[in-house]
Amino acid sequence: MLRLARFCERAVIGGWKLESALGSKLDVKAARFGANRAALQVLMAALRVSEDEIRLGGGAKAAEAQRAKGRLTVRERLALLLDDGSEFLELGLWAAYGMYGEYGGAPAAGVVTGLGRVSGRLCMIVANDATVKAGAFFPMTAKKVLRAQTIALENRIPTLYLVDSAGVFLPLQEDVFPDTDDFGRVFRNNAVMSSLGVPQITAIMGMCVAGGAYLPVMTDTVLMTEGSGLFLAGPSLVQAAIGQKTDAEELGGAAMHAEISGTVDFKEPNDHLCLARLRSLVGKIGSPAKAPFSVIAYDGVKDAPKFAAEDLYGLIDPDPAKAASNVYDMREVIARIVDRSEFDEYKAEFGRTVLCGYARIGGRAVGIVANQKMHQSQTVAVGPQAGEKRTEFGGVIYTESAQKAARFIMDCNQSLVPLIFLHDVNGFMVGKDAEWSGIIRAGAKMVSAVSTSVVPKITVIVGGSFGAGHYAMCGKAYDPRFLFARPTARYAVMSGASAANTLAEVRAKQMERGGKMLSDAEKKELYDEIKSSYDAQADPRYGAARLWIDSIIDPVKTREVLMTALEAASLNPDVARFNPGVLQT
């Protein structure tokens with residue numbers, strides 16, 4: 001099978017050589033490139049400082065309190081759990097960023113989630129951080145755990161829970177307890193994942209109380225360290241409820257659950273041996289059936305892109321004001337993330353503001369749908385200007401590009417090729433010519449193809465992701481298996497400048513109707529206030545705090561992150577029948 005795949009991809013047949021390798025015209029010595037790179041390096045340095053602060057969780061004092069109990073911190077546990085030298089793709093690090101200030105904040109929402117390698121197996125890890133409010137569940141904690149479970153469920157990833165939590169954060173219980181995307185859904189997901197054969201192992205390494213006590217028992221295998229507690233109600237609550245006096249160890253300690261209730265499968269003396277046991281158990285999980293997606297042998301040196309990933313630092317101006325107006329060739333991005341920089345471009349001469357084509361990333365076949373940010377010279381096909389030349393603006397989806405993308409997405413589903421979406425989109429074209437050409441019909445066809453797509457979809461927001469363009473390019477509402485964003489991403493209905501112009505004009509007219517005439521200075525102040533607020537909400541950190549984005553990634557790491565995501569997606573062998581439904585034609 002492997003030989004056949006290699007044979008089919010031969011570059012030379014009968015003396016004719018197939019040219020699919022992308023070139024690069026990026027001038028790394030240009031002043032603009034240098035300015036962009038310097039600005040992005042400053043932004044990345046600031047992000048890393050913030051990320052390091054988030055990883056401290058509740059801080060040094062809380063970490064020492066954790067160690068005083070004979071327990072490791074969550075980051076120390078992960079270091080022992082993960083394979084030496086392996087990368088941990090952390091998801092949801094920015095969750096709850098800037099939120100819950102009245103309660104002292106909740107760094108990373110008090111739980112660590114991500115993809116890591118354990119005994120050679122790629123696993124989803126969900127680990128409470130007991131230094132943050134004793135690992136209590138805030139609203140965003142529940143949503144973060146649910147997102148991790150959703151990823152594990154969609155991709156059939158073995159899931160490991162390191163439990164050390166006091167349960168629901170009571171001051172916010174009304175926002176944690178009752179709804180379909182709240183705390184109780186975690187246990188429902190445990191059951192569904194088990195029913196579908198997704199391995200789940202829990203290590204109780206601290207407190208596990210109240211409703212949270214169901215999580216470990218809903219999983220396949222339960223480990224527990226001595227000194228930990230597992231009970232529906234703690235000693236104080238038991239005494240208050242039924243008048244019974246008991247200590248924590250007798251009520252729900254490791255010895256009781258291992259010897260009397262039989263709830264615990266493995267009792268371990270401490271964190272170190274518990275994690276060693278967990279690694280041993282993961283190493284014995286059987287291998288699932290393979291997904292039906294094309295994969296060939298991959299050589300990390302020979303198959304690497306021909307151009308340096310570091311070049312991506314100079315491609316885009318990270319200034320938020322430039323999010324909608326950056327002009328560059330998206331092929332420069334593709335050339336730095338696909339194997340050997342080879343890209344079989346689909347309908348290259350048609351609908352040029354969206355690039356479509358086939359490639360491999362880490363040996364795995366992918367279809368790429370990407371917004372082209374360079375302006376394109378086109379010939380008008382319909383309407384009163386038919387036959388005339390026009391310029392199509394980069395980052396805008398026109399009728400032809402929507403039609404092309406829809407057809408390509410359907411072809412990828414037909415051929416079982418996972419899809420990668422690279423966003424830098426301003427939205428769909430508007431105006432009389434666009435309406436006459438059927439932009440709504442073409443856009444609906446593209447959105448429909450994305451919606452009904454059954455192959456794995458992975459989204460990367462490179463620059464702007466505005467309006468309905470975000471939807472058509474597989475935004476969060478369209479079930480991408482993963483959604484990543486670069487620091488240069490902007491995520492909103494429209495750019496800050498456009499929104500501020502519109503909202504400031506509306507607000508000014510409202511004031512004028514109320515009898516207050518604004519001076520030019522007051523209008524500018526109003527504009528600046530609205531724009532500042534809008535830009536803050538379009539920042540990827542704002543979206544990541546609310547889990548609209550799984551991870552803010554370093555541009556240099558794009559290929560590496562996609563390789564991990566594609567490996568995760570390949571763990572699910574089941575692909576539903578593709579049924580696109582009624583399409584606008």
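- Looking only at side-chain heavy atoms (C-beta outward), R490 and P540 come within less than 4.5 Å of each other.
- At most 12 heavy atoms of other shown residues, nucleotides or ligands fall within 6.0 angstrom of atom CD1 in I440.
- Shown here are the salt bridge (Lys or Arg N to Asp or Glu O under 4.0 Å) partners of K476, two or more places apart in sequence or in another chain: there are none.
- The shortest distance between side-chain heavy atoms of F482 and I151 falls below 4.5 Å.
- P139 is linked by a side chain to side chain contact (heavy atoms under 4.5 Å, CB included) to Y100, L172, D175, V176, counting only residues two or more places apart in sequence or in another chain.
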Inset, instruction - Check the pair L93 / I54 against side chain to side chain contact (heavy atoms under 4.5 Å, CB included), numbers first and verdict last. - result: CA-CA 8 Å; L93 174 63; I54 293 171; 3.5 Å; yes

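- For the atom pair CE (M140) and CG (L146), the distance works out to 10.5 Å, reported to the nearest 0.5 Å.
- Taking 4.5 Å as the limit, some side-chain heavy atom of P555 sits within range of a side-chain heavy atom of L40.
- Minimum interatomic distance between S551 and L91 (heavy atoms only, all atoms of both residues): CB-CD2, 4.4 Å.
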Legend entry - Derivation of the side chain to side chain contact (heavy atoms under 4.5 Å, CB included) call for V369 and V354: CA-CA 7 Å; V369 180; V354 172; 3.9 Å; yes

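- Nearest approach of L483 to I461, heavy atoms of both residues: CD2-CD1, 3.9 Å.
- Listed by first and then second residue, the ring-ring contact (aromatic ring centres under 6.0 Å, His included) pairs that reach into residues 351-371 are Y358-F408, sequence neighbours excluded.
- Between the side chain of N371 and the backbone N or O of G395 there is no donor-acceptor pair closer than 3.5 Å.
- The closest donor-acceptor contact from the side chain of T488 to the backbone of G463 lies at 3.5 Å or more, if one exists at all.
- More than 12 heavy-atom neighbours from other residues, nucleotides or ligands sit within 6.0 angstrom of CZ on F578.
- Of the possible donor and acceptor atoms, none in the side chain of K347 sits under 3.5 Å from a partner among the backbone N and O of K404.
- At most 12 non-hydrogen atoms from other residues, nucleotides or ligands lie less than 6.0 angstrom from CD of Q414.
- In this structure, S341 OG and L22 CG are separated by 6.5 Å, a value rounded to the nearest 0.5 Å.
- Across all their heavy atoms, P318 and N36 have their closest contact at CD-O, 4.1 Å.
- Within 6.0 Å of OH on Y471 lie no more than 12 heavy atoms contributed by other residues, nucleotides or ligands.
- Heavy atoms only, all atoms of each residue included: R559 and V338 are closest at NH1-C, 3.5 Å.
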Legend entry - Candidate pair N426 and F393, rule side chain to side chain contact (heavy atoms under 4.5 Å, CB included), full reasoning: CA-CA 10 Å; N426 298 343; F393 298 105; over 6 Å; no

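- A donor and an acceptor atom, one from each side chain of D554 and Y313, are located under 3.5 Å apart.
- Considering only heavy atoms from C-beta on, Q149 stays 4.5 Å or farther from T159 through its side chain.
- For the residue pair S24/R336, the side-chain donor-acceptor check at 3.5 Å is satisfied.
- With values rounded to the nearest 0.5 angstrom, I361 atom CD1 is found 8.0 Å from I458 atom CD1.
- A donor-acceptor pair under 3.5 Å links the side-chain atoms of S415 to the main chain of D411, judged by distance alone.
- Between the N326 side chain and the D317 main chain, a donor and an acceptor come within less than 3.5 Å of each other.
- Cation-pi check for R546 over Y542 is met; the charged atom lies under 6.0 angstrom from the ring centroid and within 45 degrees of its normal.
- Here the straight-line distance linking atom OG of S437 with atom CD of E435 works out to 8.0 Å at 0.5 Å rounding.
- Residue K457 comes nearest to Y478 through the heavy atom pair NZ-O, 2.8 Å, listed as atom of the first residue, atom of the second, then distance.
- A side-chain donor-acceptor contact under 3.5 Å links K144 to the backbone of A108.
- No side-chain heavy atom of M473 sits under 4.5 Å from any side-chain heavy atom of T459.
- The aromatic rings of Y491 and H470 sit tilted, their planes meeting at an angle between 30° and 60°.
- For Q372 (side chain) and G394 (main-chain N/O), no donor-acceptor pair under 3.5 Å exists by modelled atom type.
- T558 places a side-chain heavy atom less than 4.5 Å from the side chain of L562.
- Minimum interatomic distance between C356 and A405 (heavy atoms only, all atoms of both residues): SG-CA, 3.9 Å.
- The aromatic rings of Y97 and W94 sit perpendicular to each other, their planes meeting at more than 60°, with 30° as the lower class boundary.
- A donor-acceptor pair is defined here as one N or O able to donate and one able to accept, closer than 3.5 Å; such a pair exists between the side chain of N413 and the backbone of I409.
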Inset, instruction - Given side chain to side chain contact (heavy atoms under 4.5 Å, CB included), test V333 with L312 step by step and report yes or no. - result: CA-CA 7 Å; V333 175; L312 295 174; 4.1 Å; yes

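- Surrounding CD of E525 are at most 12 heavy atoms belonging to other residues, nucleotides or ligands under 6.0 Å away.
- Side-chain contact between S465 and V425 is present, with heavy atoms from C-beta onward closer than 4.5 Å.
- By the 4.5 Å heavy-atom criterion applied to side chains, R147 and T113 are not counted as neighbours.
- Here the CD atom belonging to E567 is positioned 11.0 Å from the CG atom belonging to L89, to the nearest 0.5 angstrom.
- Here the CG-CD distance, from D311 to E332, works out to 8.5 Å after rounding to the nearest 0.5 Å.
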